[in-house]
Amino acid sequence: MAKYNLKINGKTRPVDVDPSTPLLWVLRDYLDMPGTKYGCGVGQCGACTVHLNGVAVRSCQLPASAVTGQEITTIEGLSAKGDHPVQQAWLEHDVAQCGYCQAGQIMSAASLLKMNPNPSDEDIEASMSGNICRCGTYLRIKEAIRTAAKK
Amino acid sequence: MENKKTTYNRRSFLKSSALAGGGLMLTFNWFSTAKAAEKMQELNLPEQWAELTGYIKITPDNVITILCPNPEFGQNVMTSLPMIIAEELDADWKNVVVEMGPHDNVKLGPQFTGGSNSVRMYWKPLREAGAAARYMLRQAAAQTWKVPLEEVTTKNGIIVHPGTMKAAKYGEFAQIAATLPVPKDLKLKDPKEFSIVRSSKKNVEGQKIVTGQPVFGLDYRVDGMLIAMIQHPPAFGMKLKSFDAAQTLKMPGIKEVFSLQLYKEGFEQGGFDTRTFNDLLVVVGKTTWEVMNARKKLKVQWEPVSDTKDTMSGRGGKREVIVPAGLESTDSQLQKMQEYAQKPAQLLRRDGDPEAAFKGAAQVIERTYTAPFLAHNCMEPMNFFAHVTPEKAVVAGPLQAPGWAEPTLSKLLDLPADKIEIQMTRMGGGFGRRAYAQYMYEAALISKKVNAPVKLIYTREDDMTYGIYRPMYTATYRAALDANKNLIAFHVKGGGIPEHPVHANRFPAGAVDNYLAEAWQIPSNITIGAFRAPRSNFNAAAEQSFLDEVAEAMGKDPIEMRLELLDRAAKNPVGKDNDYDAARYAEVLKLVREKSGWATTQDGKYSRGVAAYFCHNSYAAHVVDMVTRDGKPYVERVFSAVDCGVVVNPDAATNMVQGAVVDGIGNAFFGGLTHKDGVAQQSNFDKYRLIRHNEAPKQIDVHFVQNDIDPTGLGEPPFPPVFAAVANALYKNTGKRHYKQPFSNELPGKGDKQL
Ligand code: FES
Ligand code: FES
């Protein structure tokens, strides 16, 4: 076990975990922040996407020891009131079906728009293809990203 | 329940009572007396439909709470079912608060999500409840205002008497309304008057989803909760022999390692109690990661199972089923299927004299289709919370049919049903998988053993390799044409491991004079279960690809050819038990023909394929437009036409159809679970390929047939024909017919690295 100070959603959160523990499980099991989802654990599905210094990363692939001191943002902290343009666009297009993948989709989309405020459809496809939606909401995800880009 | 003529003799009554603190609480009770056999056919409803009771609560401060009785797995029932009540209640949708109901089979009835049945099952009783509450509110106002009831109307949650210009919110009269008798046999709205139903409403859980609120089973936690995982055997046909947990127990956070049995010898399983592995090797610890790692340190000896006997009850009565021993491989399974296909099979339906017609035919077309096992791959892996004490059990998690699981849980825990509380969390997908509750039973048994609240978690690998797959299927279709290229005979002989796919009374049965349907099945220890539109998902793929080829041989346009057959089935049907309405079937084909501009050339930009199907009481047709990019075929756009009667929530319904289209394309191209010596060859998304954003169509236009028919299913019907529309477009694109799913195995780019 090792002690780390993680900077999550603007707050310092001390944790005492095995250094190999992926950020995903630190968030879910130690910090009671279950918004970040487990889908595959091998970096294939994107359900666990969070931001590390503003960039979308797979939290199931990042051990706690590797992220200490860096800025981590989760779905719970993407906006104070749940009104980030991407979240709003998601509601406007009523994207979700089961909703399980959507936190990860939203985090990927927010990161994309931060780096590329005006993405082409090809840009969207390229950067969103790491996020699986088993319910098949891809079309609406793309539309919502286009809408958010306009805001 | 495929027969369109089936009717329910429904009898419902309502009860009102005062809420604590004033206000109206309306409960509705519903009995159905549909014959057991009808119910069993496709709906898989329990033997006895319980009394169904739902709630509308209106408080004096005008909050209208509607309980959703059915579990939510993404089909959006938490929005659409309350909309139905709100419609007849004439409530202001903005003031409606929706809550997921508790599991209570006495009060809330079947509470079953599956079979595309939620809206269909609850449509009438929910309307009646809404209408009764509205009537009572009007009555309360009329009495108080001393005006004739007929002059009192409602608008958007406001009671009005135009003559005296009096108006009041529902909440103001809720308390008085609660004291009035409940009206019977109210006239329900004419569908033309609908203002909430048929207008798109946003998902009532949307905000929670986009902000990451803990709505899923995997998010459920209580203080002191432990995490449990099960080490399943590495292969179907294996079981636990012995284990050494010394290393595991030394790992941090680990509490206990033990083995326990799911069912004791001779345990009578319910109709949906399929099991894959009976001896559970369990690791319990403090956190997920610790348990995951410690589990890897187990030293386990596995051994082959012998033939095992399952005692089943439920559907079809008590019976014993022998599950064969053996380590199965996909290659040998395919070979076995070929052998069985040659043997005499079970006769399902026979019209005219098919043998003679084939003998005298000018041309016979024969094609064989195969499809692999499919894993459901719900985005949220199987998991369940359980806290079992000697007095009671609280379990919470994702489950499609809590009411079917409860009797088994009660037997396993030796607790009466009234000491069991099942909480229905939102499900991260279901697709049929979560109708099988073994993971809930496992969680409960583990909690009982360790005497603590426990969350059982399947890793993705556990989830994918556990079984309960869509069966492996094959079917050989034959068509006989006469010298004038008329279709004179049709023959389907289908089989599967361990279940056959054939729906003998489906189109084109009823449209061909000489018709033969036969089936066979091969037992297996690889477990299977319902998968989005069971059996139909393969039938439609095979049959609708075959019809495309037959149309070509007949020299006819594929839509025109189907319409001619449907015209025959409508006007002069062959046989009696045809389970589809030929006119409605034809209508979706005509609609998709019109909306896709089928007759136009599309500038040769697209390779087009069409397919249609009827299942779960609804009709769907798709036109798929394919393009080639980087040497590979992609579905670029899709036109869909669906007839599911009244569409309650159009935008959500559109989402559902779009999702079904994407799911169909994905499974047609990539879906498949194979085995070698009993070992699943795919255990995570690096090997099991799911369709991704860049592979999905860029446009899916969904059109609903506009009619006032009571709503029928939507979750499943649009899914099956997608496979065939893709296959038929692929033929246009590659010049080759594709008979083996998944199609990507035969296409360039096979084995492409995933992202
Ligand atoms: S859980 Fe991290 S990518 Fe799937
Ligand atoms: S909405 Fe269900 S997985 Fe994406």
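The basis for the numbers below is simple: all heavy atoms, side chains too, and nothing from hydrogens, waters or symmetry mates. Here the structure is a predicted model, which means the values were calculated and not measured. Naming: A, B, ... by sequence-line order, numbering from 1 per chain.
To the nearest 0.5 angstrom, A:Trp25 atom CH2 is 9.5 Å from B:Thr287 atom OG1. One distance of note links CD1 of B:Ile209 with CG of A:Leu91; it measures 9.0 Å at 0.5 Å rounding. Separating the CD1 atom in B:Ile691 from the OG atom in A:Ser129 is a distance of 10.0 Å, to the nearest 0.5 Å. If you take SG on A:Cys40 and CG on B:Leu690, they are separated by 10.0 Å, rounding to the nearest 0.5 Å.
Counting heavy-atom pairs under 4.5 Å between each of B:Gln213, B:Gln207, B:Lys208 and chain A puts B:Gln207 at the top. Counting heavy-atom pairs closer than 4.5 Å to chain A, the top-ranked of the candidates B:Gln699, B:Met427, B:Arg426, B:Glu461 is B:Arg426. Interface check for chain A: of the options B:Ala660, B:Cys378, B:Gly212, the most heavy-atom pairs under 4.5 Å are formed by B:Gly212.
The shortest distance between side-chain heavy atoms of B:Leu218 and A:Tyr38 falls below 4.5 Å. Between B:Thr211 and A:Glu76 the shortest side-chain heavy-atom distance does not fall below 4.5 Å. Between B:His693 and A:Ile132, the closest side-chain pair of non-hydrogen atoms is not below 4.5 Å. Under the 4.5 Å side-chain criterion, counting only non-hydrogen atoms from C-beta, B:Phe73 is not in contact with A:Cys98. In this structure the side chain of A:Asp29 never reaches within 4.5 angstrom of the side chain of B:Lys455, judged on heavy atoms. At a threshold of 4.5 Å between non-hydrogen side-chain atoms, the residues B:Thr288 and A:Arg28 do not count as touching. The shortest side-chain heavy-atom distance between A:Cys45 and B:Met379 falls under the 4.5 Å cut-off. Side-chain contact check for B:Asn694 versus A:Glu122: every heavy-atom pair is 4.5 Å or farther apart.
Neither the backbone nor the side chain of B:Tyr220 comes within contact range of chain A; no heavy atom of the residue lies under 4.5 Å from a heavy atom of that chain. Heavy-atom distances place the side chain of A:Lys37, and not its backbone, under 4.5 Å from chain B. Using a 4.5 Å cut-off between heavy atoms, B:Lys286 makes no contact with chain A at all. Interface residue B:Thr654: backbone and side-chain heavy atoms are both found under 4.5 Å from chain A. For a residue to count as touching a neighbouring chain, one of its non-hydrogen atoms must lie under 4.5 Å from one of that chain's; by this rule A:Gln102 touches chain B with the side chain only. Heavy-atom distances place both the backbone and the side chain of B:Val210 under 4.5 Å from chain A. For B:Lys201, the part lying near chain A is the backbone, with the side chain staying farther off; criterion is any non-hydrogen pair under 4.5 Å. Interface remark: B:Ser200 contributes no atoms to any contact with chain A (heavy atom separation under 4.5 Å). For chain B, no part of A:Ser79 is nearby; none of its heavy atoms comes within less than 4.5 Å. For B:Phe216, the part lying under 4.5 angstrom from a heavy atom of chain A is the side chain only.
Remark: the backbone N or O of A:Gly35 is not paired with any side-chain donor or acceptor of B:Asp219 at under 3.5 angstrom. Looking only at distances, a side-chain donor or acceptor of B:Lys202 sits under 3.5 Å from a matching main-chain atom of A:Glu92. In this structure a side-chain-to-backbone donor-acceptor pair under 3.5 Å is missing from B:Gln658 to A:Leu139.
In this structure, A:Arg134 forms a cation-pi arrangement with B:Phe431, its terminal cationic atom sitting closer than 6.0 Å to the ring centre and no more than 45° off the ring axis.
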Chi angles and distances behind the side chain to side chain contact (heavy atoms under 4.5 Å, CB included) call for A:Arg140, B:Asp651: CA-CA 11 Å; A:Arg140 282 167 189 249; B:Asp651 185 54; 3.1 Å; yes

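Contacts from residues 289-297 of chain B to chain A, taken as heavy-atom pairs separated by less than 4.5 Å, involve B:Trp289, B:Glu290, B:Met292, B:Asn293 in sequence order.
Heavy atoms only, all atoms of each residue included: B:Asn203 and A:Ala96 are closest at ND2-O, 4.1 Å. Heavy-atom minimum distance, B:Pro381 versus A:Tyr100: CD-OH, 4.2 Å.
When only modelled atom types and interatomic distance are considered, A:Gln44 and B:Asn684 share no side-chain donor-acceptor pair under 3.5 Å.
Remark: A:Glu125 engages B:Lys698 in a salt bridge, criterion side-chain N to carboxylate O under 4.0 Å.
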